Amino acid sequence: MGVDISVSLSGLTLDNPVIPASGCFGYGKEFSELYDINILGSFSIKGTTKHPRFGNPTPRIAETPSGMLNAVGLQNPGIDVVATNHLAYMGRYFNKKVIANISGFSIEEFVYCAQKLDSIEQIGIIEVNISCPNVHGGGIAFGTDANSAAEVTRAVKAVTKKPIYIKLSPNVTDITEIAVACENAGADGLSLINTLLGMRIDLKKRRPLLANKTGGLSGPAVFPVALRMVYQVYEAVKIPIMGMGGISSAADVIEMMMAGASAVQIGAATLKNPYICKEIIERLPLEAERLRITNLKDIIGVAHL
Amino acid sequence: MGVDISVSLSGLTLDNPVIPASGCFGYGKEFSELYDINILGSFSIKGTTKHPRFGNPTPRIAETPSGMLNAVGLQNPGIDVVATNHLAYMGRYFNKKVIANISGFSIEEFVYCAQKLDSIEQIGIIEVNISCPNVHGGGIAFGTDANSAAEVTRAVKAVTKKPIYIKLSPNVTDITEIAVACENAGADGLSLINTLLGMRIDLKKRRPLLANKTGGLSGPAVFPVALRMVYQVYEAVKIPIMGMGGISSAADVIEMMMAGASAVQIGAATLKNPYICKEIIERLPLEAERLRITNLKDIIGVAHL
Amino acid sequence: MVVKYRILSNTHIAKDIYEMCLSGNTEKITNSGQFINIQLDGFFLRRPISVCDITDDGLIIIYKILGDGTRYMSTLSAGDKLDAVTGLGNGFDIKKSGNKPLLIGGGVGVPPLYLLAKRLIAVGKTPSVILGFGCADEVFYKESFEALGCETVVTTVDGSMGVKGFVTDAVKGFDYDYIFTCGPPLMLKAVYDKTQTDGQFSFEERMACAIGACMGCTCRTKKGYKRLCKDGPVLSREEIIWE
Amino acid sequence: MVVKYRILSNTHIAKDIYEMCLSGNTEKITNSGQFINIQLDGFFLRRPISVCDITDDGLIIIYKILGDGTRYMSTLSAGDKLDAVTGLGNGFDIKKSGNKPLLIGGGVGVPPLYLLAKRLIAVGKTPSVILGFGCADEVFYKESFEALGCETVVTTVDGSMGVKGFVTDAVKGFDYDYIFTCGPPLMLKAVYDKTQTDGQFSFEERMACAIGACMGCTCRTKKGYKRLCKDGPVLSREEIIWE
Ligand SMILES: Cc1cc2nc3c(=O)[nH]c(=O)nc-3n(C[C@H](O)[C@H](O)[C@H](O)COP(=O)(O)OP(=O)(O)OC[C@H]3O[C@@H](n4cnc5c(N)ncnc54)[C@H](O)[C@@H]3O)c2cc1C
Ligand SMILES: Cc1cc2nc3c(=O)[nH]c(=O)nc-3n(C[C@H](O)[C@H](O)[C@H](O)COP(=O)(O)OP(=O)(O)OC[C@H]3O[C@@H](n4cnc5c(N)ncnc54)[C@H](O)[C@@H]3O)c2cc1C
Ligand SMILES: Cc1cc2nc3c(=O)[nH]c(=O)nc-3n(C[C@H](O)[C@H](O)[C@H](O)COP(=O)(O)O)c2cc1C
Ligand SMILES: Cc1cc2nc3c(=O)[nH]c(=O)nc-3n(C[C@H](O)[C@H](O)[C@H](O)COP(=O)(O)O)c2cc1C
Ligand code: FES
Ligand code: FES
C-alpha cells in the first residue's frame with residue numbers, strides 16, 4: 001500500500017505528475033475558485049509573448065470527434081504584465097512552482113521573455129513554445145526546423161538559469177530530429193506534443209468554421225499520436241519529457257509515462273471537465289495499485305525494455 | 001428535387017463520390033454478401049505488392065478514442081494472384097471500374113505492379129500508395145520525401161495509360177510540397193490521407209499493444225487533420241483529390257468535398273459498420289438538399305472562395 | 001460547480017424547440033442571463049444553454065435543435081441525468097435598469113429574458129416584452145410572459161403571428177427607458193442601431209471552458225478584451241464594439 | 001447482417017461475469033462457436049462475443065468485464081438496444097467429431113461450448129465437459145452443463161472448487177476420442193500438448209471488421225493464412241501453427 005506518485009523534473013520534485021497544460025488553465029485563478037489547486041504537481045501558464053496580443057478573431061473554437069480545435073492565437077497581456085501582475089497575484093492561491101510557457105515571433109522575443117522570468121522565484125521551469133502555428137522564423141515555424149529549434153534553445157539557455165523545456169510540434173515528418181537538435185543545444189527537457197493542425201468547415205456557410213481557417217487539434221483524438229511521439233523521442237534523447245496530448249484519465253497518465261514521460265500535462269480535458277486534474281490525482285494511486293505499480297517513477301519508459 | 005450526386009475523376013464518371021478505402025474493403029467480396037456493392041461510386045482494393053506478403057504479426061488492431069490503429073502491414077497475395085484470380089473473380093459481384101491500390105519497397109516493384117495492371121479493363125484508376133509506414137526508399141519513406149515521391153510517380157506514369165493517383169502520407173511537415181512534386185511528375189490525381197502514425201501501450205503487459213509497436217491511426221479522430229490537408233493541397237495543385245480520413249457520414253462527405261475533394265474514400269467507418277457506405281449513399285441526396293446543394297460537383301472546393 | 005441534474009421533463013413546445021425541467025442544485029446561479037454548460041455523451045465540448053427559470057428544486061432551460069448536440073438532447077427523457085457546469089457568466093444587472101425596461105428577445109434568445117422579467121417584476125419594474133420569431137410555428141413563451149403581467153408583442157418574419165417583420169419593427173410602439181436584449185448577432189446589431197436608450201446585450205460565442213480560462217470566446221470591447229463566458233455574455237451598450 | 005437486439009436481462013452470474021439474454025434475429029447463426037460483434041456507445045470498435053445459446057426468440061451471451069467496453073456492457077439493462085453484426089465465424093464442425101467428444105473450456109472460453117454441447121447431444125454424442133476457472137467465485141454454468149446430462153468436472157487454480165489446477169489436470173480422468181476447446185491462448189497450447197486426439201480449437205484475436213475484409217486478425221496455419229474472424233475462430237488441430 002501507499003503508492004509513491006511523486007516525480008521529478010530537472011531537480012524539481014512534484015507531488016504528482018499531473019500538470020494542467022498551457023492555454024487550458026489560464027493563470028490558475030478560475031480553477032482555484034473550484035478547488036484547491038495546490039494539489040496539482042504544477043501547472044503551465046497561458047503562453048506569454050513579449051508584447052500583449054489579442055489573438056485571432058472568433059470563432060476560435062470548434063468541436064471534432066473526441067477532440068477540439070482551437071485558434072486562440074496566443075491571446076495574452078504580454079510578459080511585463082504577466083510578470084508584475086499575474087505571477088505576483090498567483091501566490092494568493094498557488095504556493096508551488098509554476099511552469100512559465102513563453103512564445104515569440106523572433107529569437108529576440110523569446111530571449112526577452114526568458115530574461116524577464118529568470119529572477120522570478122515562483123517559476124520552476126520555462127517552457128519554450130516553438131510550436132504554435134502562428135509563430136514563424138524565416139518562413140518556417142521554429143518548431144518544424146531543427147536548426148531554428150536549436151537556435152532558440154541556445155539563445156534562451158544563455159539568458160536564464162531556470163530549466164528550459166522546449167515544446168515541440170507534432171506537425172513534422174520526424175520529431176526525433178527536432179528533439180535531438182534541442183537536446184544538443186542545451187535543453188533541459190522537452191514538452192510534447194502541441195496541437196495537430198486541423199480544420200472544420202461550416203456546412204451552411206460553406207466557409208472554414210474558424211475565423212483563422214485552421215486550428216490546433218487536441219483532446220483524446222490525438223492521444224495515440226502523442227504517445228507514439230513521446231515513445232520515439234524517449235529513445236532519441238536522454239533529457240526528461242513532459243508528455244501531453246489527449247490525456248483524460250489516470251490510465252492515460254500511466255500509459256504516457258510508460259511511453260517515456262516523466263510527467264504529463266492535461267489540456268483539452270480540463271476544458272471539458274474543470275475538475276479532471278483533481279479526479280485524476282485522486283485516482284492515480286488506485287490505478288497504479290491495480291497495475292502493481294508501487295512507485296510511479298519506476299514506469300517511466302518501461303514500455304521500451 | 002433530384003440532386004445530382006455523380007462526380008468524375010480523370011474522365012471516369014462515378015454515380016456518386018463514395019468509395020470504400022483500400023485495406024478496409026478487401027476485394028469487395030465480403031461486402032457483396034451483405035448488399036449489392038454496385039451502388040458504390042467505386043472501391044479501392046487492398047494494397048497489392050509485387051510479392052505475396054503475410055504482413056505483420058498480430059495483434060494488428062488497437063482501439064483509440066473515435067478511431068483505431070492498424071498495423072496489418074500490407075498482407076496480400078501478390079500482384080500476379082490479384083490480377084489473375086481476384087480481379088477476374090470480382091466481375092461476378094462488381095460491374096464497375098475499381099481502383100487498384102499498389103505498394104512497393106522499390107521503384108521497380110511499383111513499376112512491376114503498374115505494368116501488370118495496365119491492360120486490365122476493369123481498373124479505372126491506379127492508386128499508388130507511397131505512404132505505408134513499412135515502405136522505404138533510401139531510408140526515408142517515399143511518401144515523406146518530395147523527390148522520391150516524384151520519382152515513383154514518373155516511373156509508374158511511364159508504364160501505364162491508366163490514370164495514376166498518388167496516395168500521400170499525413171506524417172509530413174508540409175504535405176503540399178509532396179503534392180506539388182507528384183503533380184509536376186505527372187500524377188493524374190492525389191489520394192489523401194493515409195493513416196497517421198500512432199501507438200498504444202498494453203498497461204498490464206507494459207509493452208506496445210501492437211506487435212509492430214506503432215500502427216496507423218484512422219477513423220473520425222483524424223477527420224479534422226485530413227480535412228485541413230485536403231484544403232491545403234487543393235490550393236496547391238490543379239489535379240483532382242480523393243479525400244479521406246475519418247469520414248463516417250454524409251455530412252462528412254460534403255465537408256470533405258467543400259474542402260476540395262472530388263470524391264471521397266471511407267475506411268475505418270466501413271469496419272465499424274459494414275453498411276456505412278450504403279447508408280451514406282442513400283443519405284447524401286437528402287443531406288445535400290438540406291444544404292441547398294443541387295449538384296454535388298458544385299461544392300468541390302467551395303470553402304476556398 | 002458541476003451539478004448532476006435529473007431531468008424531470010423534456011417537452012417539445014414549438015418547432016424544433018424543447019423545454020427541459022431539471023432538478024438539482026442552483027445555488028451558483030445568482031442572476032438572470034447566466035447559463036449552464038451541459039455535457040452530452042459522445043460530444044467532446046459542452047453546450048452552453050441559458051437559464052430560463054429557477055424553480056423550487058432546480059431550473060428550466062429551453063433549447064432549439066441546431067446541430068447534433070441539441071438533437072441528442074431532444075432524445076433524453078425524464079429520469080436521465082445531465083451533467084452541467086452551472087452559474088456561468090455575468091448575467092443581466094437589473095440594478096442598472098431604468099423604470100420602464102423593454103425586453104427584446106429573438107428565437108432562443110428569449111429564454112433568459114423570462115427569468116429576467118421575473119426578477120424585474122420582483123423589484124417593481126414590470127418590463128414590456130418583444131419576442132421575435134421566424135413564423136408562428138416557432139413561437140413559444142408568449143403566454144408565459146403575459147401571465148407575468150408583461151405587455152408582450154410577438155413579431156414573425158412571415159407575419160403568421162403578431163407584427164410582421166423583425167423585433168425592431170415593434171420597438172416604436174413602446175415607451176421604454178432601458179433595454180435588455182438577447183438573440184442572434186444580426187438582431188442585436190439591429191436593436192443597437194434602432195434603439196437609443198442604455199441597455200444590456202447578451203451575446204453568443206463558441207466556447208470551450210466557459211469559465212474564463214481558455215480565451216476561446218474573447219471579444220474586443222471599449223473597456224478592453226472580454227471573455228464572453230466570464231465577463232459576458234451580457235455587455236452594456238457603451239462598451240460594445242461591432243466587428 | 002446487422003441486428004438490433006433488445007436486451008431481456010443482464011445478470012451478474014459470477015465474479016466479473018455477466019449473462020445477457022437478447023431478443024432478435026438469429027437466422028445467420030448456424031453453428032455453435034460462432035460469434036456476434038457488438039457496437040457500444042462511445043467505443044469505436046465492436047466487441048466480439050461468442051454465442052452461448054440460441055433461444056426461442058434470440059440468444060444468450062456471457063461476457064467478462066475485462067476493460068472499458070465490457071464494463072460499459074455490464075451497465076446496460078433490460079429494454080436497452082444492442083446493435084450487433086451477427087453469425088460471424090466458422091464455428092465448430094460437429095460432423096468431424098468422434099463418438100466420445102470432450103469439451104474443454106477456460107473462463108470466458110466456456111460459453112460457446114454450451115451451445116456446442118446441445119448440438120452434440122442432438123446428434124447423440126453427449127460430450128464430457130471440463131470447465132477451468134481461477135477460483136470458485138468465477139465458476140459459472142457448471143449446473144447448466146450437468147442439466148444437459150454431461151459429465152462435468154470443474155478445475156480451479158486455487159483448488160477452491162473441484163480439481164485443483166488447470167483443465168489439463170482433469171483430462172486424464174476422461175475417456176474421449178475427440179476434443180473441442182476454447183479458452184485463453186496458454187490454455188489452448190497446454191490442451192494441444194496434453195491431448196492426442198483430433199480436435200478443434202477456438203482462438204481469440206483483436207478484430208476490426210470481423211467479416212474477413214481487413215486482415216486484422218490473420219494467423220499462419222499449415223493450410224495457409226487464415227482470418228480468425230472468417231476462416232476461424234475455430235481451427236483444427238492439424239492446421240495449427242503455434243508462434
Ligand atoms: C451563453 C450562451 C447561452 C445560450 N443559450 C441558449 C439557449 O438558452 N437556448 C438555445 O437553444 N441555445 C442557446 N445557446 C446556443 C447553443 O449553445 C447552441 O445552439 C448549441 O451549442 C448548439 O449545439 P449543437 O451541438 O446542436 O450544434 P453544433 O453546431 O453541432 O455544435 C458544434 C459546436 O459548436 C458550438 N455552437 C454551435 N452553435 C453555437 C452557438 N450559436 N453558440 C455557441 N456555441 C455554438 C456547440 O456548442 C458545439 O461546441 C447559447 C449559447 C451561449 C454561448
Ligand atoms: C471470436 C471471439 C469470441 C469471444 N467470445 C467471448 C465471450 O463469449 N465472452 C467474453 O467475455 N469474451 C469473449 N471474447 C473476448 C472479448 O472480445 C474481449 O474480452 C472484449 O472485446 C474486451 O473488450 P473491453 O472493451 O472490455 O476491453 P479493452 O481491452 O478495453 O478493449 C480494447 C480493444 O481490444 C479488444 N480486445 C481486448 N481483449 C480482447 C480479446 N481477448 N479478444 C479480442 N479482442 C480483444 C476489444 O475488442 C477492443 O477492440 C471473444 C473474443 C473473440 C475474438
Ligand atoms: C485552448 C487551448 C489553448 C492553448 N494555448 C497554448 C499556449 O498558449 N501555449 C502552448 O504551448 N500550448 C497551448 N496549447 C496546447 C496545449 O498546451 C497542449 O499542448 C495541447 O492542447 C495537447 O494537449 P491536450 O490534448 O491535453 O489538450 C493550447 C491548447 C488549447 C486547447
Ligand atoms: C485496416 C486498414 C488497412 C489499410 N490498408 C491500406 C492499404 O493496403 N493501402 C492503402 O493505401 N491504405 C490502407 N489503409 C488506409 C486507408 O485506405 C485510409 O487511407 C485511412 O484509413 C484513412 O481513412 P479512414 O479514416 O476512413 O480509415 C488501411 C487502413 C486500415 C484501417
Ligand atoms: S470559453 Fe474559455 S474563456 Fe470563455
Ligand atoms: S477482423 Fe477484419 S479480417 Fe478479421
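Below, read A as the first sequence line, B as the second, and so on, with proteins coming before strands; counting in each chain starts at 1. Predicted model, so just to flag it, every value in this text is computed and none were measured.
Counted within 6.0 Å of NZ on B:Lys205, heavy atoms from surrounding residues, nucleotides or ligands total 12 or fewer; the atom is thus considered open. Atom NZ of D:Lys15 has 12 or fewer neighbouring heavy atoms from other residues, nucleotides or ligands inside a 6.0 Å radius. Counting heavy atoms of neighbouring residues, nucleotides and ligands inside a 6.0 Å radius, atom CZ of D:Phe166 does not exceed 12 of them. For CD1 of D:Ile241, the number of neighbouring non-hydrogen atoms (other residues, nucleotides, ligands) closer than 6.0 Å is greater than 12. Other residues, nucleotides and ligands place no more than 12 heavy atoms under 6.0 Å from the CZ atom of D:Arg6.
Between D:Phe44 and B:Pro220, the closest heavy-atom pair is CE1-CD, 3.3 Å. Pairing each heavy atom of B:Cys24 with each of D:Ala213, the nearest pair is O-CB, 4.4 Å. Minimum interatomic distance between B:Lys204 and D:Leu66 (heavy atoms only, all atoms of both residues): NZ-O, 3.9 Å. Taking all atoms of both residues into account, the shortest heavy-atom contact from D:Cys214 to B:Leu271 is CB-CD2, 3.8 Å. Contact between B:Ile61 and D:Ala208 at its shortest, heavy atoms only, is CD1-CB, 3.8 Å.
Only the backbone of B:Ala269 comes within contact range of chain D, with heavy atoms under 4.5 Å apart. There is no contact between B:Thr270 and chain D, counting heavy-atom distances below 4.5 Å. The contact between B:Ala62 and chain D is made entirely by backbone atoms, counting heavy-atom distances below 4.5 Å. For B:Pro59, the parts lying near chain D are the backbone and the side chain together; criterion is any non-hydrogen pair under 4.5 Å. Looking at B:Tyr275, the atoms closer than 4.5 Å to chain D (heavy atoms on both sides) all sit in the side chain, from C-beta outward. Heavy atoms of B:Phe54 lying under 4.5 Å from chain D belong to its backbone as well as its side chain.
Between the B:Lys272 side chain and the D:Phe43 main chain, a donor and an acceptor come within less than 3.5 Å of each other. With hydrogens and angles ignored, the 3.5 Å screen pairs no side-chain donor or acceptor of D:Arg206 with any backbone N or O of B:Arg60.
For the options B:Gly26, B:Ala71, B:Gly219, B:Gly67, heavy-atom pairs under 4.5 Å to chain D are most numerous at B:Gly67. For the set B:Gln75, B:Met68, B:Lys46, the count of heavy-atom pairs under 4.5 angstrom toward chain D peaks at B:Gln75. Per-residue counts of heavy-atom pairs under 4.5 Å with chain B were compared for D:Gly216, D:Gly42, D:Ala210; the largest is that of D:Gly216.
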Item checked: Step-by-step side-chain contact (heavy atoms from CB on, under 4.5 Å) determination, B:Asn273 to D:Val85 -> CA-CA 8 Å; B:Asn273 173 4; D:Val85 185; over 6 Å; no
Next item on the list: Output, in order, the C-alpha distance, side-chain angles, deciding distance and verdict of salt bridge (charged side-chain N to carboxylate O under 4.0 Å, His left out) for D:Lys28 and B:Glu33.
Entry: CA-CA 12 Å; D:Lys28 294 283 173 187; B:Glu33 290 162 11; over 6 Å; no
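Separating the OG1 atom in B:Thr58 from the CZ atom in D:Arg220 is a distance of 9.5 Å, to the nearest 0.5 Å. Taking OG1 from D:Thr218 and CG from B:Asn56, the interatomic distance works out to 10.5 Å, rounded to the nearest 0.5 Å.
Taking a cutoff of 4.0 Å between a charged side-chain nitrogen and a carboxylate oxygen, B:Glu63 and D:Arg46 do not qualify as a salt bridge.
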